[in-house]
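Model, not experiment: these values are computed from the prediction. Remember, it's 1-based here, ligands and their atoms both numbered in the order they're listed.
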Amino acid sequence: MIPTLLPTYSRAPFSFVKGEGSWLIEADGRRFLDLGAGIAVNALGHAHPALVQALCDQAGALWHTSNLYQIPKQQELADKLTAHTFADTVFFTNSGTEACELAVKMARKYWYDKGQPDKTDIITFSGSFHGRSSAGIAAAGSEKMTKGFGPLLPGFVHLEFGDHDALTAAITENTAAILIEPVQGEGGIRPVPDQCLKGLRDLCDEYDILLIFDEVQCGVARTGKLFAHEWSGITPDIMMVAKGIGGGFPIGAVLATEDAASGMTLGTHGSTYGGNPLGCAVGCAVLDHVTAPGFMEDVNRKAGLMRQKLEGLVATHPDVFEAVRGSGLMLGVKCKLPNGDLVQAGYEQLILTVPAADNVIRLLPSLTIEDSEIAQAIDRLDAAAAALAVA
Ligand SMILES: *Cc1c(COP(=O)(O)O)cnc(C)c1O
């Protein structure tokens, strides 16, 4: 008999009932050190007082009105996001995959309105992840995500991650956009070097192509800048955001320049819940917090500390771990043993990590993780690796 929950997930047998900062408390009272943070969602940890306050204040005042009316918190969040980024305009969604949908529509409509209706192709890269909608899976293109779900949305050109020559060769007069994660998340914490992001920008300018960044996982201070592409000094035309911006409340966004957004005129897109008062109130609180003086410096300091300690861990367990990679507090450890075994061994030590492709375990702690918690995380990973090495 089919379970009453559609069985699409493989779930660990924990039922968490409470969260406090970097900690998740199981129904039986055990305290787990959470280095997954809901897959880079709980940017400020669990139950951050400022976010609880923002949500409760809004919940007591007004939950939902629809986009038939002005939504002051939505306007406020758009103003904040545009003030802090390359973008001139923002559309709010409920998730990353919905942001992907709009990014694709926006890019195609841009060229359509410019009198180039055949300029619809979007170049993407192996190992990428852009959500589970029809556009999202077609964009990623992996067999694992697309098999059996055809016919797929056409117009995606899939290239090997990091193959510069293939990229230049693949561009045609019908290339509308290049879509890329500045740091691949699901693909195994693979940063795109700054030089390559600059090269992509140049290529897009040269051939009249829109550059779309998917910062759903790497954005919102995760890498020690508000958005990961800021390290490279270049900017995209369109950017997808979700996960961390809501700190655990479902909200996403598409940010764009005025030019790139020019096709999205009255009536061309919409969402019932997108930009609702609850999500936007929390989003404002998250953004205020991560852009406050000193916050990003602290993320970078802790990222350096954690990376250094992880390098030490890899050196201690050369048969278990291969290398550390990533950016800021978006870290991956490539494993020599199966990454699933490491995640499992971590559970035994009451530490939560997240598997990714390429045999990597992801460490995506709350950006508010304390130095003492980083030390505990390393101790627990050390014990997990030691237990595996013995087994
Ligand atoms: C999680 C993720 C998405 C999809 O976001 P959902 O909110 O799960 O729809 C898209 N792109 C990237 C890079 C992601 O990490």
Side-chain angles (χ1 to χ4, degrees), residues 6 8-9 11 36-43 91-107 122-142 144-146 149 153 156 158 161 177-192 197 211-223 227-229 236 238-255 271 273-276 278-279 282-283 286 326-332 353-358 360-365 367:
L6 191 72
T8 59
Y9 297 114
R11 299 176 196 265
I39 317 184
V41 165
N42 301 102
F91 184 95
F92 290 105
T93 66
N94 306 288
S95 66
T97 200
E98 286 169 71
C100 178
E101 292 292 321
L102 173 54
V104 167
K105 284 177 70 175
M106 185 181 281
I122 297 176
I123 292 177
T124 62
F125 299 92
S126 59
S128 66
F129 183 80
H130 303 295
R132 297 291 200 138
S133 63
S134 289
I137 62 173
S142 70
K144 183 176 160 218
M145 267 186 286
T146 58
F149 295 116
L153 186 67
F156 291 95
H158 305 106
F161 180 83
I178 294 174
L179 165 59
I180 191 167
E181 296 158 77
V183 184
Q184 277 195 353
E186 307 299 310
I189 310 292
R190 297 199 291 181
V192 179
L197 288 182
L211 183 57
I212 308 173
F213 285 159
D214 179 346
E215 292 230 16
V216 168
Q217 194 161 147
C218 61
V220 193
R222 178 58 47 191
T223 67
F227 290 100
H229 70 263
I238 299 171
M239 179 168 72
M240 298 151 50
V241 178
K243 292 201 167 95
I245 188 65
F249 196 92
I251 176 170
V254 172
L255 280 62
S271 168
Y273 286 125
N276 75 85
L278 295 168
V282 179
V286 169
S327 175
L329 286 175
M330 183 171 185
L331 291 161
T353 62
V354 184
D358 201 27
V360 161
I361 57 168
R362 271 179 282 182
L363 309 175
L364 309 160
L367 304 179

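- When side chains are defined from C-beta on, R190 does not count as touching V183, because their heavy atoms never get closer than 4.5 Å.
- Counting only distance, with no hydrogens or angles, the side chain of T124 and the backbone of A139 share a donor-acceptor pair below 3.5 Å.
- Pocket lining of ligand 1, defined as residues with a non-hydrogen atom under 4.0 Å away: S95, G96, T97, F129, H130, G131, E181, D214, V216, Q217, K243.
- A donor atom on one side chain and an acceptor atom on the other are found under 3.5 Å apart for E101 and S133.
- Ion pairing of R362 with E186 is present here, as a side-chain N (NZ or NE/NH1/NH2) and a carboxylate O approach within less than 4.0 Å.
- The SG atom of C100 sits 10.5 Å away from atom CD1 of I137, with the distance rounded to the nearest 0.5 Å.
- In the model, Q217 has no side-chain atom that pairs as donor or acceptor with a side-chain atom of Q184 under 3.5 Å.
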